A.B. asks: 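Below is one structure. I have some questions about it.
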Amino acid sequence: MQGPSMWIMVCVRDTLRAIVGASTNWSDHVQAMEERKSLQSLLAKKQEDLPARKMKDSYIEVSLPLGSQPQLREKYLNVYNNVRFGRILEDLDSLGVLICYTHTKAESDKTPLSIVTALVDKIDLQKHLISPDCDIKFTGHVSWVGKTSMEVKMHMLQLHGDVYSPVLDATFVMVARDPENKRPAYVNPLVPDGPEEENLFQQGESNKMRRVAFSTASLLKMAPTGEERNIVHDLFLNTLDSRTVSFRSRILPPNSIWMEDAKLKGLEICHPQQRNIFNRIFGGFLMRKAYELGWATACSYGGSRPYIVAVDDIMFQKPVEIGSLLFLSAQVCYTHGNYMQVRVHSEVSDPVTREHHTTNIFHFTFSSEEEVPRIVPQTYGESMLYLDGKRHFNAAIQSRNGEN
């Protein structure tokens with residue numbers, strides 16, 4: 001699929017501000033948002049009023065020239081002299097929004113649509129390490145469209161010699177809302193062109209059905225399966241003290257860690273610097289902070305440097321307002337050999353009203369160079385976290401193996 005000339009990553013967020021008419025100055029944000037209200041009349045009354053688009057219409061290539069522009073490297077560099085994956089999450093989030101605005105581009109100078117990230121469906125990595133001194137290329141396009149939502153497929157490649165080799169594949173779901181970011185808004189329909197695009201579109205339909213099935217079977221709604229109940233009971237039996245006949249007397253098996261002892265917490269004050277083009281906290285920033293806490297938790301648990309393998313099922317449940325206190329809690333919830341499944345729970349607190357709301361649940365799959373201790377739940381709630389972690393781990397591994 002061929003597209004226009006290549007963008008530079010540092011220009012992406014500036015372009016997004018121009019598309020929606022957002023100000024670069026925090027002091028002007030109220031006026032800028034007021035001006036967006038006048039764009040309400042430009043919204044389509046029904047999807048059929050909008051021209052259909054093809055996948056190539058939204059195709060974009062973006063360069064991150066770490067090799068040819070060394071001054072960019074420090075922002076992306078970690079202590080191991082590799083690229084920080086948290087920064088890549090920020091770039092993917094911005095790129096996904098720009099791709100959707102390219103799909104919905106109209107004749108007016110400013111768009112009435114407010115497009116935000118609803119879900120990170122999955123990110124599969126083909127490489128553990130990303131070099132800080134070789135150019136990176138991102139490509140992506142809209143691959144499926146509903147009435148008000150769009151699925152975006154993105155790929156990241158890195159230049160080695162004269163060849164770009166794959167680093168990761170990502171699937172995001174974005175939603176369109178009105179100029180005030182209050183109600184859903186229609187987006188241009190997508191018409192597949194040829195067998196390859198038809199297949200991608202069908203994959204998008206399948207992804208939607210898979211997410212619905214996964215949500216329906218959630219352990220917050222449904223009891224565990226028979227096989228899962230047996231797993232929980234076996235975990236319980238393995239921790240009983242054989243010298244007593246008590247359900248309360250529990251012993252930690254060898255090379256194991258209680259789940260209660262495998263968590264870390266963090267706090268962020270949400271400053272204007274981290275705002276997005278709609279003056280909420282940038283979703284990429286939230287992902288980076290959650291990933292970094294998850295990485296630290298996996299590092300502390302495994303006792304060595306962990307490597308990110310997959311990211312899946314990050315649902316953006318509520319926007320995070322500027323001025324909020326952001327509480328992050330990371331928990332190792334499942335282990336298998338040298339793999340660790342880490343769940344990061346994010347909630348915000350309004351310092352004035354003291355109300356707390358969950359904003360995101362993040363799921364990260366890490367690997368270690370050596371086998372890690374086995375995680376062991378003690379309570380029923382922890383057992384459900386263990387089973388949920390096992391489900392996400394299995395889904396991540398199946399995706400990496402090419403199973404849908």
Side-chain angles (χ1 to χ4, degrees), residues 1-12 53-67 76 82-103 117 119-132 134-145 150-174 190 192-204 206-207 283-284 287-288 291 307-314 365 396 398-404:
M1 192 176 292
Q2 297 297 319
S5 58
M6 190 177 293
W7 294 66
I8 305 297
M9 182 56 75
V10 292
C11 300
V12 168
R53 298 279 157 80
K54 298 177 181 178
M55 292 186 190
K56 67 179 182 181
D57 294 332
S58 61
Y59 180 81
I60 287 178
E61 293 186 359
V62 175
S63 172
L64 179 58
L66 298 181
Y76 286 85
N82 300 123
V83 169
R84 296 167 61 183
F85 183 67
R87 291 295 189 195
I88 299 301
L89 289 174
E90 291 182 328
D91 289 344
L92 287 171
D93 193 51
S94 295
L95 177 59
V97 175
L98 180 59
I99 288 170
C100 289
Y101 274 125
T102 305
H103 173 82
T117 307
L119 172 74
V120 178
D121 186 52
K122 56 187 173 183
I123 302 175
D124 295 322
L125 285 91
Q126 284 87 47
K127 287 191 174 181
H128 279 322
L129 302 175
I130 306 171
S131 172
C134 297
D135 285 358
I136 287 171
K137 180 171 71 172
F138 296 90
T139 67
H141 60 86
V142 171
S143 53
W144 174 88
V145 167
M150 293 163 280
E151 181 190 86
V152 177
K153 286 200 178 296
M154 293 174 282
H155 309 282
M156 175 178 161
L157 308 98
Q158 186 157 42
L159 186 64
H160 295 285
D162 297 326
V163 179
Y164 277 101
S165 55
V167 176
L168 64 78
D169 300 314
T171 304
F172 281 41
V173 177
M174 326 300 278
L190 181 66
D193 184 16
E196 183 180 351
E197 292 192 4
E198 192 69 50
N199 184 47
L200 283 174
F201 193 86
Q202 288 303 317
Q203 281 182 26
S206 299
N207 290 339
M287 286 194 282
R288 174 166 66 84
Y291 164 75
Y307 300 93
I308 186 68
V309 173
V311 182
D312 82 304
D313 196 28
I314 299 176
T365 306
Q398 285 174 8
S399 179
R400 280 175 60 82
N401 293 336
E403 303 171 36
N404 210 344

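When reading the values below, keep in mind they use all heavy atoms of this one structure, side chains included, and skip hydrogens, waters and symmetry mates. The structure presented is a predicted model; accordingly, all values stated were derived computationally and were not measured. Heads up: numbering here begins at 1 and tracks the sequence.
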A.B. asks: Report the distance from atom CG of Leu89 to atom CD1 of Ile314, rounding to the nearest 0.5 Å.
C.D. replies: 7.0 Å
A.B. asks: Decide yes or no for Leu129 and Tyr307: does some side-chain heavy atom of the first lie under 4.5 Å from some side-chain heavy atom of the second?
C.D. replies: yes
A.B. asks: Sequence neighbours excluded, which residues qualify as ring pair (Phe, Tyr, Trp, His ring centres under 6.0 Å) partners of Phe85?
C.D. replies: Tyr291
A.B. asks: For residues 92-103, pull every pair meeting side-chain hydrogen bond (donor to acceptor under 3.5 Å, both in side chains), keeping only residues two or more places apart or in separate chains.
C.D. replies: Asp93-Thr117
A.B. asks: Keeping the roles fixed (side chain from Asn207, backbone from Gln203), state whether a donor-acceptor pair exists under 3.5 Å.
C.D. replies: yes
A.B. asks: Under 4.5 Å between any side-chain heavy atoms of Pro192 and Leu200, yes or no?
C.D. replies: no
A.B. asks: Tell me, please, which residues at least two apart from Pro132 pass side-chain contact (heavy atoms from CB on, under 4.5 Å).
C.D. replies: Leu77, Asn81, Val83
A.B. asks: Determine, step by step, whether His160 and Cys134 satisfy the side chain to side chain contact (heavy atoms under 4.5 Å, CB included) criterion, reporting the C-alpha distance in whole Å, the side-chain angles of both residues, the deciding distance to 0.1 Å, and the verdict.
C.D. replies: CA-CA 7 Å; His160 295 285; Cys134 297; 4.1 Å; yes
A.B. asks: Within a strict 4.5 Å, meaning less than it, do heavy atoms of the Phe138 and Ile88 side chains meet?
C.D. replies: yes
A.B. asks: Any luck finding a side-chain donor-acceptor pair between Tyr76 and Asp91 under 3.5 Å?
C.D. replies: yes
A.B. asks: What residues form a salt bridge (Lys or Arg N to Asp or Glu O under 4.0 Å) with Asp169, not counting sequence neighbours?
C.D. replies: none
A.B. asks: Which of these passes side chain to side chain contact (heavy atoms under 4.5 Å, CB included) with His155: Val167, Thr139, Leu168?
C.D. replies: Thr139
A.B. asks: Would you say that Asp193 contacts Met55 through its side chain, given a criterion of any heavy-atom pair below 4.5 Å between the two side chains?
C.D. replies: no
A.B. asks: Could you go through the side chain to side chain contact (heavy atoms under 4.5 Å, CB included) check for Lys137 and Leu159 one step at a time?
C.D. replies: CA-CA 8 Å; Lys137 180 171 71 172; Leu159 186 64; over 6 Å; no
A.B. asks: Just verifying a value: how many Å separate Leu95 CG and Met154 CE, rounded to the nearest 0.5 Å?
C.D. replies: 5.5 Å
A.B. asks: Would you confirm whether Asp57, through its side chain, and Lys54, through its main-chain N or O, come within 3.5 Å as a donor-acceptor pair?
C.D. replies: yes
A.B. asks: State which residues pass side chain to side chain donor-acceptor pair (under 3.5 Å) with Glu90; sequence neighbours excluded, sorted by chain then number.
C.D. replies: Arg87, Arg288
A.B. asks: Suppose we screen for salt bridge (Lys or Arg N to Asp or Glu O under 4.0 Å). Which residues come up paired with Asp121, at least two apart in sequence or across chains?
C.D. replies: Arg210, Arg211
A.B. asks: Of all residues at least two apart in sequence or in a different chain, which pass the side-chain contact (heavy atoms from CB on, under 4.5 Å) check with Ser143?
C.D. replies: His141, Glu151, Lys153
A.B. asks: Answer yes or no: is there a side-chain heavy-atom contact under 4.5 Å between Lys127 and Ser165?
C.D. replies: yes
A.B. asks: Just verifying a value: how many Å separate Gln398 CD and Lys122 NZ, rounded to the nearest 0.5 Å?
C.D. replies: 10.5 Å
A.B. asks: How long is the span from the CD1 atom in Ile123 to the CG atom in Asp312, to the nearest 0.5 Å?
C.D. replies: 9.5 Å
A.B. asks: What is the distance from atom CD1 of Ile130 to atom CG of Leu125, rounded to the nearest 0.5 Å?
C.D. replies: 6.5 Å
A.B. asks: If the condition is side chain to side chain donor-acceptor pair (under 3.5 Å), which residues does Asp313 pass it with, not counting sequence neighbours?
C.D. replies: none
A.B. asks: If the condition is side chain to side chain donor-acceptor pair (under 3.5 Å), which residues does His128 pass it with, not counting sequence neighbours?
C.D. replies: none
